[in-house]
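Structure first, then comments.
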Amino acid sequence: MFERPLLYLVPPYAATLLIAVRFGLVPSPFLCLPVLTVLLIGAAFAVRHRRAFTVLAMLCAAVFALVQLSLCDRYLAQPVRELNGRSAVVRATVLQDASVYEDSQRAELRVEPNRYLRRSFRTFCYLPLSDTPLCAGDRIEAHVTFYRSNPDRERSLAADGCFIAAFSTRDKSGDVIGFERLGSASGSPRYLPQRIARFCKNAVSAALPEREAGLLRGLLLGDRTGMSDDDTLSFRMAGLSHLVAVSGLHVGYLAAFCFVLLGRKWGVYLSLPLILLFVPVAGATPSVIRAAVMYGITALGFILRRDVNPKLSLMAALALLLLLNPYAAAGAGLQLSFSATLGLILFASSMQHRLLAPFAEFARLTRRLLAFPAGALSCTVCASIFTLPVSLACFGRASLLSLPANLPAAALTGVCFVFGYLLCAVSAFCPAVLPVFAVPLRLMLRFLLILAERISLLPFGSIDLSRPLGIAALALAGGAVIVWLTAGSRVRWRIVLPLVCCTVGGLFLTDAVLRTGEYSVTYLPCGSGQAVILSDTRGHATLIDCAGTSRSAAALTHEWMRLNGVPRIDTLILTAVDMGHARDLPQLMENVRVERILIPSGCTETAKNMELLRLCEQYQAEEISEPQSIIGAAAPVSVFPVAEGKLGVCIADKVLFLHSATKKQLAAFAENGGELPRADELMLAQNTAGDAELLVPLMNHMQTRKILVTAERETTSFRCGSVPCESTDTSGGIVRRYKKE
């Protein structure tokens with residue numbers, strides 16, 4: 001404890017912050033401060049008793065974390081969050097270049113004091129498109145409405161130091177209210193890193209084809225906006241997402257290049273200022289700050305000729321980040337970065353040594369040639385063991401393809417990283433020799449794209465939280481690797497290894513057998529529109545509606561199909577042919593194979609749905625005028641008309657979809673003797689869900705136990721009578737699993 005206090009104090013401090021932020025456990029500072037005082041006094045009296053002092057000191061670190069978080073929440077976060085739902089004219093400075101979308105641009109702003117809050121604060125704001133996209137340093141004036149996102153998104157924003165989001169206010173006709181660029185200070189030295197990043201993006205885009213340029217921008221700057229959805233998903237499924245999210249790996253590439261260029265001694269002196277500049281250029285994410293701090297401590301130790309414990313430098317970096325922003329503890333980037341680094345520090349060198357031990361008597365050149373693949377294998381395995389639990393906890397899914405993907409990609413990525421920055425430098429000082437770098441770079445980037453695409457197509461390449469037996473098998477395999485690295489010589493592996501392999505295989509086989517009798521209903525998080533997928537493990541898939549507001553329902557559907565290995569949509573049911581239920585139909589038909597389309601009869605043609613109706617006619621959609629059942633679906637599905645141009649859908653006796661019907665249409669349906677099928681769960685539009693007088697009698701008849709509501713930028717936590725309501729806006733994607741009867 002006295003020799004290395006950070007190793008004892010930082011873990012409980014970070015763990016307490018993680019639990020408190022993740023579960024919203026923020027006590028009053030007036031309760032925590034007396035407890036901290038008592039613990040500090042107790043630690044002072046126990047200083048001569050090493051174990052008691054260590055325990056009390058660790059408790060002090062944990063309580064200090066609660067004190068820090070409670071003070072930040074009380075005086076920093078809550079005053080900003082109280083702006084939720086308010087609209088105001090604000091003046092703000094753009095902190096990073098805006099990301100441009102189809103009809104808006106997303107900018108990180110420093111909002112000046114206004115009539116609601118007398119201090120500046122940061123926010124991410126969706127603004128209308130301007131003649132030129134907003135750049136770092138621009139000052140704007142805009143009429144905005146502040147809103148709080150769903151809990152997961154809110155934690156992600158808080159990890160970046162933002163406690164509220166905003167969007168540009170529009171009037172009833174949809175026109176923007178009061179948006180103006182007041183001026184710009186983008187030429188200030190303060191925004192030099194952003195100007196460098198902007199120049200690099202433009203240089204890369206000018207020198208390379210669009211697809212390769214998008215990948216290189218991700219490798220150099222962590223900017224994935226230029227990558228297509230398919231390429232982003234391929235990298236994610238192949239376990240290569242860390243390559244396009246700037247992290248310690250990229251800092252290592254930069255340092256290694258300096259060492260190769262000038263040798264170890266002078267390379268250290270050159271790398272320090274380059275890394276200090278690289279951090280803000282790459283966006284100053286927690287992962288790159290962690291790597292920079294650790295490298296800075298190691299480099300300082302090298303300069304002073306003192307040994308540096310990597311675990312101490314890791315704890316120092318973690319403490320620094322959390323002292324600056326305690327909410328960063330719940331950030332997925334920080335958790336993945338630190339867990340991967342911890343795995344490398346604890347076990348990577350030991351595993352490499354064990355892998356090379358059988359070749360100890362080989363020639364020196366042979367051992368050197370084997371060192372790189374052994375090191376790459378060790379780093380990938382050790383990092384994966386520690387990051388898999390984090391990926392499952394943060395995203396609900398983790399890739400199992402990191403090993404075959406990272407072995408060929410790791411070294412090539414380093415070459416692309418160095419060549420990419422050399423290309424940017426050449427384009428600034430000597431454009432004539434640009435092809436010398438652009439041609440080989442294009443070939444290497446194309447190889448990475450093809451590699452990610454091919455590996456992502458491998459079957460059984462991911463696992464999610466719905467498979468506990470599969471997770472148990474992975475935990476057993478990872479535990480066996482750790483036992484091999486820590487106590488391998490004391491284990492009889494001739495007996496243990498076959499048992500472990502049989503158990504792991506048996507768990508995976510049992511999991512597959514149990515899942516064959518299941519089907520699932522997945523509600524995609526697409527805002528106030530609707531997109532719901534009925535599927536089973538045999539590849540059958542039925543899609544109910546395809547409309548998104550906050551995200552494209554077609555893109556979400558395509559992503560879901562790739563993640564789950566589903567080749568086609570057997571049946572697409574449009575409960576109404578309008579923008580609220582079929583907005584993304586054109587994009588879906590371009591990218592997804594759909595066998596059959598069902599639409600309601602009596603659809604009224606308007607200016608807004610004319611193209612959608614023409615598309616349905618083009619693909620020979622079948623009109624539904626009488627109740628009927630769908631043959632060959634993952635579960636029994638019945639479709640019935642509720643009103644002219646509106647359909648209801650029922651999946652077995654589990655879910656009933658009445659999202660398209662209005663309150664008047666439902667009331668008329670009931671008055672005319674229409675009988676709704678029984679269902680445990682009811683899917684409604686938000687305005688319909690608010691009519692308890694209409695719904696309570698219907699729900700009592702249908703024995704409904706839960707209502708699902710489509711909403712966007714709203715907190716849906718109300719009840720309809722005694723029935724609770726849930727929304728993808730607050731819960732994210734929702735998956736219900738059922739056993740086939």
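These numbers come from the heavy atoms of this one structure, side chains and all, not from hydrogens, waters or symmetry mates.
A donor-acceptor contact shorter than 3.5 Å is absent between the side chain of Gln530 and the backbone of Cys546. Within the 3.5 Å criterion, the main-chain N or O of Leu377 finds no donor-acceptor partner in the side chain of Thr380. Judged purely by atom type and a 3.5 angstrom limit, Asn564 uses its side chain to pair as donor or acceptor with the backbone of Trp560. Side-chain atoms of Ser337 do not come within 3.5 Å of backbone N or O of Leu334 as any donor-acceptor pair. Remark: the backbone N or O of Val246 is paired with a side-chain donor or acceptor of Ser287 at under 3.5 angstrom. Side-chain N or O atoms of Arg583 include none that pairs as donor or acceptor with a backbone N or O of Ala553 at under 3.5 Å.
The aromatic rings of His659 and His581 sit perpendicular to each other, their planes meeting at more than 60°, with 30° as the lower class boundary. Relative orientation of the His250 and Phe417 rings is perpendicular, given thresholds of 30° and 60° on the angle between their planes.
Remark: Lys311 NZ is loosely packed, at most 12 non-hydrogen atoms of other residues, nucleotides or ligands lying under 6.0 Å away.
Take Asp584 and apply the side chain to side chain donor-acceptor pair (under 3.5 Å) test, not counting sequence neighbours, and it matches no residue. The side chain to side chain donor-acceptor pair (under 3.5 Å) search around Arg705 returns Asp680, not counting sequence neighbours. In this structure, Thr387 has no side chain to side chain donor-acceptor pair (under 3.5 Å) partners at least two apart in sequence or on a different chain.
The closest side-chain donor-acceptor pair between Glu595 and Thr571, if any, does not fall under 3.5 angstrom. In the model, Glu726 has no side-chain atom that pairs as donor or acceptor with a side-chain atom of Tyr523 under 3.5 Å. Asp229 and Thr232 share no side-chain donor-acceptor pair at under 3.5 Å. Between the side chains of Ser466 and Asp464, at least one donor N or O lies within less than 3.5 Å of an accepting N or O.
A salt bridge is defined here as a Lys NZ or Arg NE, NH1 or NH2 lying under 4.0 Å from an Asp or Glu carboxylate O, and Glu622 with Arg596 meets this definition. A salt bridge links Glu453 with Arg211: the distance from a Lys NZ or Arg NE/NH1/NH2 to an Asp or Glu carboxylate oxygen falls below 4.0 Å. Salt bridge Arg236/Glu559: present, at least one basic N to carboxylate O contact under 4.0 Å.
Cation-pi geometry between Arg106 and Phe124 is met: under 6.0 angstrom from the ring centre, within 45 degrees of the axis.
Counting heavy atoms from C-beta outward, Ile289 and Thr285 have side chains that stay 4.5 Å or more apart. For the pair Trp484/Trp493, a side-chain contact is recorded, criterion being any heavy-atom separation below 4.5 Å from C-beta on.
Pairs of residues two or more places apart, or lying in two chains, that qualify as salt bridge (Lys or Arg N to Asp or Glu O under 4.0 Å) and include a residue from residues 521-548 are Asp536-Lys740.
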Table please: side-chain donor-acceptor pairs of residues 396-409 below 3.5 Å, with sequence neighbours left out.
| from | atom 1 | to | atom 2 | distance (Å) |
| --- | --- | --- | --- | --- |
| Arg397 | NH1 | Ser462 | OG | 2.9 |
| Ser399 | OG | Met237 | O | 2.8 |
| Ser399 | OG | Gly239 | N | 3.4 |
| Ser399 | OG | Leu401 | N | 3.1 |
| Asn406 | OD1 | His242 | NE2 | 2.9 |
| Asn406 | ND2 | Gly239 | O | 3.4 |
| Asn406 | ND2 | Ser402 | O | 2.8 |

Donor-acceptor pairs under 3.5 Å, side chain of residues 467-478 to any protein atom, not counting sequence neighbours: which ones?
| from | atom 1 | to | atom 2 | distance (Å) |
| --- | --- | --- | --- | --- |
| Arg467 | NE | Asp511 | OD2 | 2.8 |
| Arg467 | NH2 | Asp511 | OD2 | 3.1 |

